[in-house]
Amino acid sequence: MKKYIRYLLVPISLLLIRPIFAQTANSSFKIQQEHKLWHDNIDKEQLRLLALDGKADGIIQASKDENVNLEIADVMIRQVDLLQEKIETDSSLSGQMKIKNLRSLETMLKGYNNHFRRKDFPPSMAPTLFDAFVKAMERDRLNMSISPVISENSYGVGNILVECFLLPVENPGVKESRILLIRKYCELHPNEIFQILSTNPDLPFTDSLIVTGGKKNIRKLYDYASGNTVLASRIRYSSDSLISMVGKIASSKSGQLYLPFLDNLINHRITIADINKVKDNNLEYYKLLVKTRMDYSARMLPPFLDTALEMEALTTMLQSKGKDVFVREINALHDKPSSVRFKILDPLTPAELYYLIVLSEDEIYTSSYLGVYERIFQRMSVPRGDSLIIQMHGDYFRKFIKMAAAYNKLDYFLATMDKENAATIMKAFIIGLERANEEDAVDVADSYSSIFDKNPPLAAFVLNEVKWNYKRNLINSDKRGTVIYHLMEALFESADTTQAFDLSAKLGIPPVYTVNYDSLKDDSGRVIQQVFFYGDEDKDGQNSYQDFLKLFLGKPEWKVTMNPTKEWIWIQSVKGKPVWIFANRPLFGEDDPDDKAQHHLDDYLYDNKLEPTIYIHRGHSYHVRYTLKQLQPSAKIVILGSCGGYNNLSEVLSISPDAHIISSKQVGTKSVNEPILQAINSDLLDGNNIDWLPIWKTLTEKFRKDPVARERFDDYIPPYKNLGVIFIKAYRNAMGEGD
């Protein structure tokens, strides 16, 4: 049968590939009427293949490599034609066997087409698939298992082949082949091993897959080891020491408390009994976490360069315990005398206090930070910053320095050591970011605004170090390092807002100084805002809400409406451009009523196709995560009065990459929040762009006469000075990670 393909385009040498049969593609042969349907079905699948690239032009375009395309065409058209002819004219085959072989050939083509360009099924596998099919077909004719063919081929090839030999009589090797395919799939996708084993726990190779999957992802191993399933039992009784230890931990009610110490447990540096002695005592358990973290951190340095198992679990637990037990208490006692407020910290060493600071950036109040910071150096026998960093093995030292800069303690920190060591510390702060994680780079970027404002000579030193590192990475042809330091050089030079500097053009990102008014409007010309309040036992949220209402109640340019359920309010402008503001009421009580109010408001906005472009968080820092869960991609301005941590900034940008973020280093205060909101709303009512430089200049003048308000205002970071945010945007854009 003549197929619709331009054979003249195929080189002679390619046409001679795998000359399995003597006949040619254009030779004519007689098809028995009872076989015609099966030949037609094969022809239809071939025509379907030719059109899979979106063009029914008789040419296959599955790859950018034309030789691959031609080889696919040769196999799936010419050689399939030859095989059709071979089957039809083979006098040794019964009519029933011919139909079976033709049906199998159709299934092979259909499987190839159905998986075209899918993961694990590269189009280039066509020649291998065809050869494997022929081998399997020959074995099937003899009622021999096809499993050897499945075994020697890839998962994609085997997956298609198995389906070819099910009807009308299943090949005796299908069951074994399916088991082989499970193993092949697990080898390709180790992260899915436990999901597969949960429904197939008694495979002949289950134990080895548990080891493979468990060492790849201990967290999943832990999750599947808990409970009373067959798989959990297999994990617990594994002969592998790591797997069995995780199984033992997971089967315990206190498993989460043991997991941070997994590496030391399997290496016999600690026992379950040792952990049991302290796990119910928050102070002693926290101390053990710190001791373990310092041990693990030391092992990460030369000459060991060893990363402990479940370092993430240790860090998460250390952060959680630090916040839950210590930071939230000293935050809550912010109006008490220091002797009362910080008493809980009395048993803590400098190292234990250090981790409180660096792991609670997104929650610790300014006054809490200052109290913890002072106690670190008060409790050192020789209060030197360089000694502290050495004692901590450099763990989180960039975070520590970034926070010291943000809270105006960096000069004090550097003054605790001689100038040469101070310079070395700051060089270490800048160097090596090409090998560090993204958060370290963000910390360096974030610190510069504070350094520039407080210590211009140090800022000049930092900028010079950035330029030196940029040249170093350029010479070394290190793309990541070159990008990081090039971006930092541009960012740091832009910190001097008295100089004209087009940062957007320089970095290839949207404007950072201005938000266009048109980008904030919806299709009906309205600017929609959503404000999140939280009910608190201390009434802070309720008081904040009442202060917020005073901005609008009784004002001729605004109309305030309460929704029928009294869960949220709707504020509309009645003069100037249309501005709609929605805010939930902070309702404190059982079953979290303000959470329900927020979600009912979310539903109303969604049902009425209202998309906020401005989101405002009002509340304590530990409420921020609930606000972020409700943030939508439509966000263009996000005001987080209590957000200062990288994780929060990164999460905002993952939802809305172009959002302008106003963040604060501590809890938002009405004396600052309200003037910021008034300035923004004033521009919106006039239909003006939001221009941050003049807004911040006006606010700075406003707070100049009020030292308390000015100090709190200084904790707020405008979008153009939020260098961490700008860095994340520019870095991901430059590295091709923006989409």
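Index from 1, following the sequence.
To the nearest 0.5 Å, the span separating CG on Leu353 from CZ on Arg379 amounts to 5.5 Å. Here the CG-CD1 distance, from Leu507 to Ile726, works out to 8.0 Å after rounding to the nearest 0.5 Å. Rounding to the nearest 0.5 Å places CD of Glu352 at 11.5 Å from NZ of Lys291. Once rounded to the nearest 0.5 Å, the distance linking CG of Leu640 with CD1 of Ile717 reads 11.0 Å. Phe492 contributes atom CZ, which lies 10.5 Å from atom CG of Leu487 (distance to the nearest 0.5 angstrom). Separating the NZ atom in Lys409 from the CD1 atom in Ile357 is a distance of 10.5 Å, to the nearest 0.5 Å.
Ion pairing between Glu434 and Arg472 holds under the 4.0 Å rule for side-chain N and carboxylate O. For Lys402 and Glu361, the salt-bridge test passes: some basic side-chain N is under 4.0 Å from an acidic carboxylate O. With respect to Glu651 and Arg625, no salt bridge is recorded, no charged nitrogen being found less than 4.0 Å from a carboxylate O. Salt bridge Lys399/Glu439: present, at least one basic N to carboxylate O contact under 4.0 Å. Salt-bridge formation is detected for the pair Arg293/Asp395: a Lys NZ or Arg NE/NH1/NH2 atom is positioned less than 4.0 Å from an Asp or Glu carboxylate oxygen. Ion pairing of Glu489 with Lys506 is absent here, as no side-chain N (NZ or NE/NH1/NH2) approaches a carboxylate O to less than 4.0 Å.
For Ala436, the side-chain contact (heavy atoms from CB on, under 4.5 Å) test picks out Arg398, Leu433, Asp440, with sequence neighbours left out. The ring-ring contact (aromatic ring centres under 6.0 Å, His included) test applied to Phe532 returns no partner, not counting sequence neighbours. The side-chain hydrogen bond (donor to acceptor under 3.5 Å, both in side chains) search around Ser368 returns Asn331, Arg341, not counting sequence neighbours. For the side-chain hydrogen bond (donor to acceptor under 3.5 Å, both in side chains) test, residues two or more places apart in sequence or in another chain that qualify with Asp274 are Thr271.
Using the six-membered ring where Trp is involved, Tyr365 and His334 have ring planes that are tilted, between 30° and 60° apart. Using the six-membered ring where Trp is involved, Tyr716 and Phe713 have ring planes that are parallel, under 30° apart on the 30 and 60° scheme. Below 30°, between 30° and 60°, or above 60°: for Phe397 and Phe429 the angle between ring planes is above 60°, a perpendicular geometry.
A distance-only check finds a donor-acceptor pair linking the side chain of Lys287 to the backbone of Pro347 [under 3.5 Å]. A donor-acceptor distance shorter than 3.5 angstrom exists from the side chain of Ser244 to the backbone of Ser241, with no hydrogens or angles considered. Checked by atom type and distance alone, the side chain of Tyr448 never pairs as donor or acceptor with a backbone atom of Glu493 at under 3.5 Å. Side-chain atoms of Lys220 come within 3.5 Å of backbone atoms of Asn191 as a donor-acceptor pair (strictly under, hydrogens ignored). A donor-acceptor pair under 3.5 Å is formed between the side chain of Asn733 and the backbone N or O of Gly508. Distance alone, capped at 3.5 Å, is enough to place a donor-acceptor pair between the Lys729 side chain and the Ala659 backbone. Thr316 places no side-chain N or O within 3.5 Å of a backbone atom of Ala313 that could act as its donor or acceptor partner. Without hydrogens or angle criteria, Asn464 side chain to Ala460 main chain gives no donor-acceptor distance under 3.5 Å. For Tyr222 (side chain) and Gln256 (main-chain N/O), a donor-acceptor pair under 3.5 Å exists by modelled atom type. No side-chain donor-acceptor contact under 3.5 Å links Ser494 to the backbone of Leu503.
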Go through the steps to decide whether Asp295 and Arg269 satisfy the test salt bridge (Lys or Arg N to Asp or Glu O under 4.0 Å), and finish with yes or no. CA-CA 11 Å; Asp295 170 38; Arg269 298 188 183 101; 5.2 Å; no
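Judged purely by distance below 3.5 Å, without hydrogens or angles, the side chains of Ser654 and Arg732 never pair a donor atom with an acceptor atom. Looking only at atom types and distance, the side chain of Thr292 has no donor-acceptor partner in the side chain of Asn264 under 3.5 Å away. Residues His393 and Ser297 bring no donor and acceptor atom of their side chains to less than 3.5 Å of each other.
Contact annotation: the side chain of Asn455 never approaches that of Leu414 to less than 4.5 Å [non-hydrogen atoms, C-beta and beyond]. Proximity of Val290 to Tyr354: side-chain heavy atoms (C-beta onward) are nowhere separated by under 4.5 Å. In this structure, the side chains of Thr315 and Tyr296 stay at 4.5 Å or more apart for every pair of heavy atoms. Asp386 is not listed as a side-chain neighbour of Thr424, based on a closest heavy-atom distance of 4.5 Å or more. In this structure the side chain of Leu262 reaches within 4.5 angstrom of the side chain of Leu242, judged on heavy atoms. Residues Thr212 and Ile193 form a side-chain contact, since some pair of their non-hydrogen atoms from C-beta on lies under 4.5 Å apart. Between Trp468 and Ile431, the closest side-chain pair of non-hydrogen atoms falls below 4.5 Å. With a 4.5 Å cut-off on side-chain heavy atoms, Lys343 and Leu333 do not count as touching.
For Gln378, the CD atom counts as densely surrounded, since its 6.0 Å shell holds more than 12 non-hydrogen atoms of other residues, nucleotides or ligands. Within a 6.0 Å radius of CD in Glu312, other residues, nucleotides and ligands contribute 12 heavy atoms or fewer. Counting heavy-atom neighbours within 6.0 Å of Tyr626 OH, excluding the residue itself, gives a total of 12 or less.
Looking at every heavy atom in both residues, Ile661 comes nearest to Asn722 through O-ND2, 3.2 Å. The two residues Gly371 and Arg375 make their nearest non-hydrogen contact at O-NH1, 2.9 Å. When all heavy atoms of Met488 and Ala441 are compared, the closest pair comes out as CE-O, 3.1 Å. Of all the heavy atoms in Leu653 and Val725, the pair that sits closest is CD1-O, 3.7 Å. Here the shortest heavy-atom pairing between Asn473 and Gly481 reads OD1-CA, 3.3 Å. Here the closest heavy-atom approach between residue Leu491 and residue Phe727 is recorded as CD1-CB, 3.7 Å.
Listed by first and then second residue, the side-chain hydrogen bond (donor to acceptor under 3.5 Å, both in side chains) pairs involving residues 245-254 are Ser254-Lys279 (not counting sequence neighbours). Within the structure, ring pair (Phe, Tyr, Trp, His ring centres under 6.0 Å) pairs that include any residue of residues 248-278 comprise Phe261-Tyr285 (at least two apart or interchain).
A ring-centre distance under 6.0 Å is not found for Phe400 and Tyr396.
For the side chain to side chain contact (heavy atoms under 4.5 Å, CB included) criterion with Glu310, the lone passing option out of Ile249, Leu259, Asp263, Val246 is Leu259. When each of Leu631, Val624, Leu628, Val638 is tested with His617 by the rule side chain to side chain contact (heavy atoms under 4.5 Å, CB included), just one qualifies, namely Val624.
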